[in-house]
Amino acid sequence: MKSHALVPRSASFRPETLGQNAVQLIGNLCFSLFVLGVLAFTIIAATYQPEDPLLHPSTKLSSFLTSTSNATFRSDDSAAHTGDDFLSPNSTSDSSAAITLSHINSSTKTSQVAVDSAAAVGDEATDSSTSAVCADGPIDCTDTEVFHSMMRAAIEMFRNIHFYRFGKPARGGEDGKSCDMAWRFRPEEAKRAGFYKDYRRFDIVRYANCTYSVVKVGEYHSGINARKKRKTTQGGDFKAKDAADSLSGMVLPVIGEAVNDTLPVVESESKFSSGKYLIYTGGGDRCKSMNHYLWSFLCALGEAQYLNRTLVMDLSICLNSMYSSSNQDEEGKDFRFYFDFEHLRDSASVLDQLQFWEDWSKWQKKNKLRLYLVEDFKITPLKLAEVKDSLIMRKFGTVEPDNYWYRVCEGETESVILRPWKLIWKSRRLMDIVASIASRLNWDYDAVHVVRGEKAKNTQLWPNLAADTSPDTLLSVIHNKIDDGRHLYVATDEPDTTFFDPLKERYTTHFLNDFRDLWDENSEWYLETMKLNNGVPVEFDGYMRVEVDTEVSLRAKKHIETFNDLTNDCKDGINTCRKAS
């Protein structure tokens, strides 16, 4: 019998086990690849740093700011974005909560208009129907019928706004034939969040049968006797049932209220000595663009809030030359000229540095207050959280860009320190000029924002801008978007407004300088800013002009922008257009 040499066969190579072994091998291979992928991702995440300063912003607000790889901002003469830009217009209120003529005409008890009860006797509006004889003499502005007549006249006259509250009328002129009344409102097609306050003078005639009629309504903010904000609600105020000063805990700006932006003071020596403070000094942020200033300031404010310390701030701003009439950097500008310090002061813990150093010099030695000096921006707020000294001072050097304040909030700190945008609003004095212009246009206008200036001359970076914003091209584009005969507000950096004369063929055009009386030496803005500036007149500078021009155009019913709407050129020059995310 012939024997056969057999190759020994391992159990793992048996036909019946091959399929099972293949599945196991593939599973082990996939698991190994997964482990390698996780390891690689971990190494990249631990070592990767985004380009400075804003390539990977921590919030959507940052997308409006400009970044470059060398941690500097591009020169940008547009208005800086602030927290009030990001409040949702729909969060303020809606038309269903507005006061209408039907509310005024119906019984107070059955309408949606509430009459606030008075704390003091005799503060309510009186009922004229109780008088048997029509009295002579001055108009009684507290009379219910007078009040209702004024409200009806306002609602009928201003059809492009929604009313949310009417204030108690006050006596107007010395002749006793007029009354002043204030109201809170929003434009009918509001595109910006917040409320507005107007107060006007009403000329009233009284008839023999004791009825009243409004014969004239004054200009915006003409009813000065009704202006003052009351600390407590007095009888006679009418407001929509669902109207509110804030919604869902959101604080909203009220443009037109009297501004109180006095500097905060420390109540006592003990209060000062027990406080904890943070101050930033030096650095290269001075005299940079307003976008740069805000990005750095909000970093400091965010760190102060993280450390639960009071931010000691310098209210003196250096205005960059791009905004000044002298084309030179200008020192000595006040923070309150450009931003709402009252809102900041009431929402965060801040102190003016001049007041702080005065108190520090008085009580530092006596109470053994200690200072902790930090001279490296790489020392993160996390490392300062345990510092017990009264004052942490961050001192910045002279080498840019490492001496920019906002470098503190980069890297690992970015996920910890969130810039408190909601604390920074635009100056309500400037916004009141915006509201005044919109009121003169009856809140019923369209707008086009035309950027020309130096950009139109630089054909290397903006090759099409000059042609795309020429009068004939403008007229052709606008005609397809805005109806003939409309009021058209032109926001522009073009110094010669006669350039836009061809637009007058179809539209009633308006420019910022048409309203210069709102900031001239007789204006409310002029007097209030001069008072802030220790009696020295304040120039309505280039940044203020850009701010007001931009905000007026944004409140138009139809708004056309230069970039995207008029030209395909990029705002910051060729090949810089941001791609839609």
Side-chain angles (χ1 to χ4, degrees), residues 82-83 251 259-283 285-286 290 293-318 331-375 377 381 384-396 405-406 408-409 417-429 528-529 531-534:
T82 52
V251 179
V259 179
N260 176 18
D261 50 9
T262 55
L263 301 180
V265 295
V266 180
E267 298 173 0
S268 63
E269 176 183 346
S270 60
K271 198 83 170 177
F272 180 86
S273 300
S274 61
K276 302 295 182 184
Y277 308 95
L278 172 70
I279 188 171
Y280 280 33
T281 63
D285 304 273
R286 199 86 182 156
M290 202 64 82
Y293 169 79
L294 276 182
W295 193 240
S296 285
F297 176 76
L298 284 168
C299 173
L301 187 58
E303 182 180 26
Q305 292 195 317
Y306 174 79
L307 297 175
N308 197 25
R309 288 175 174 264
T310 296
L311 179 67
V312 181
M313 60 178 290
D314 184 1
L315 268 75
S316 174
I317 290 179
C318 175
E331 289 279 4
K333 302 292 184 176
D334 196 303
F335 180 94
R336 295 170 291 181
F337 296 166
Y338 308 99
F339 305 104
D340 188 346
F341 183 72
E342 180 180 1
H343 173 62
L344 174 61
R345 180 200 64 199
D346 294 346
S347 306
S349 183
V350 294
L351 274 178
D352 172 42
Q353 73 170 16
L354 295 178
Q355 179 66 48
F356 173 81
W357 287 125
E358 182 179 328
D359 292 341
W360 180 267
S361 63
K362 286 190 295 186
W363 299 319
Q364 184 260 330
K365 289 183 179 180
K366 178 181 177 182
N367 295 293
K368 299 180 180 179
L369 306 180
R370 298 177 59 186
L371 181 151
Y372 188 90
L373 182 63
V374 180
E375 296 185 280
F377 75 87
L384 300 177
E386 301 302 320
V387 174
K388 304 299 182 183
D389 296 336
S390 297
L391 174 64
I392 295 177
M393 175 187 286
R394 279 196 180 272
K395 188 174 181 180
F396 295 81
W405 291 5
Y406 63 70
V408 172
C409 296
I417 304 300
L418 300 179
R419 287 175 172 83
W421 288 93
K422 63 181 180 180
L423 301 181
I424 301 296
W425 290 351
K426 296 175 179 65
S427 161
R428 282 189 287 133
R429 291 187 179 90
E528 289 192 5
T529 53
K531 185 177 179 180
L532 280 181
N533 205 33
N534 298 316

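Fair warning: this is a prediction, and the values are worked out from it, not measured in the lab.
- Residue pairs meeting the salt bridge (Lys or Arg N to Asp or Glu O under 4.0 Å) criterion with at least one partner in residues 261-283, sequence neighbours excluded, are D261-R429, E269-K366.
- Distance check: L315 CG to L263 CG gives 6.0 Å after rounding to the nearest 0.5 Å.
- Evaluation of the side-chain contact (heavy atoms from CB on, under 4.5 Å) rule for T262 yields N260, R345 as partners, not counting sequence neighbours.
- Here R394 pairs with E303 under the salt bridge (Lys or Arg N to Asp or Glu O under 4.0 Å) rule; sequence neighbours left out.
- With sequence neighbours left out, the side chain to side chain donor-acceptor pair (under 3.5 Å) criterion links S274 to no other residue.
- Residues satisfying the salt bridge (Lys or Arg N to Asp or Glu O under 4.0 Å) criterion with D285, sequence neighbours excluded, are absent altogether.
- In terms of the ring-ring contact (aromatic ring centres under 6.0 Å, His included) criterion, residue partners of F356 (sequence neighbours excluded) are, by chain and number, F272, Y277, W360.
- Partners of F335 according to the ring-ring contact (aromatic ring centres under 6.0 Å, His included) rule, which considers only residues two or more places apart in sequence or in another chain, are F297, F339.
- When the side chain to side chain donor-acceptor pair (under 3.5 Å) test is applied to T281, no partner is found at least two apart in sequence or on another chain.
- Between E342 and R336 the shortest side-chain heavy-atom distance does not fall below 4.5 Å.
- For an aromatic pair to be called close, the ring centres must be under 6.0 Å apart, and F396 with F377 fails this.
- In this structure D314 satisfies the salt bridge (Lys or Arg N to Asp or Glu O under 4.0 Å) test together with R286, sequence neighbours excluded.
- With sequence neighbours left out, the ring-ring contact (aromatic ring centres under 6.0 Å, His included) criterion links Y338 to Y543.
- In this structure, the salt bridge (Lys or Arg N to Asp or Glu O under 4.0 Å) partners of K362, at least two apart in sequence or on a different chain, are D359.
- Residues meeting the side chain to side chain donor-acceptor pair (under 3.5 Å) test with T310, sequence neighbours left out: S349.
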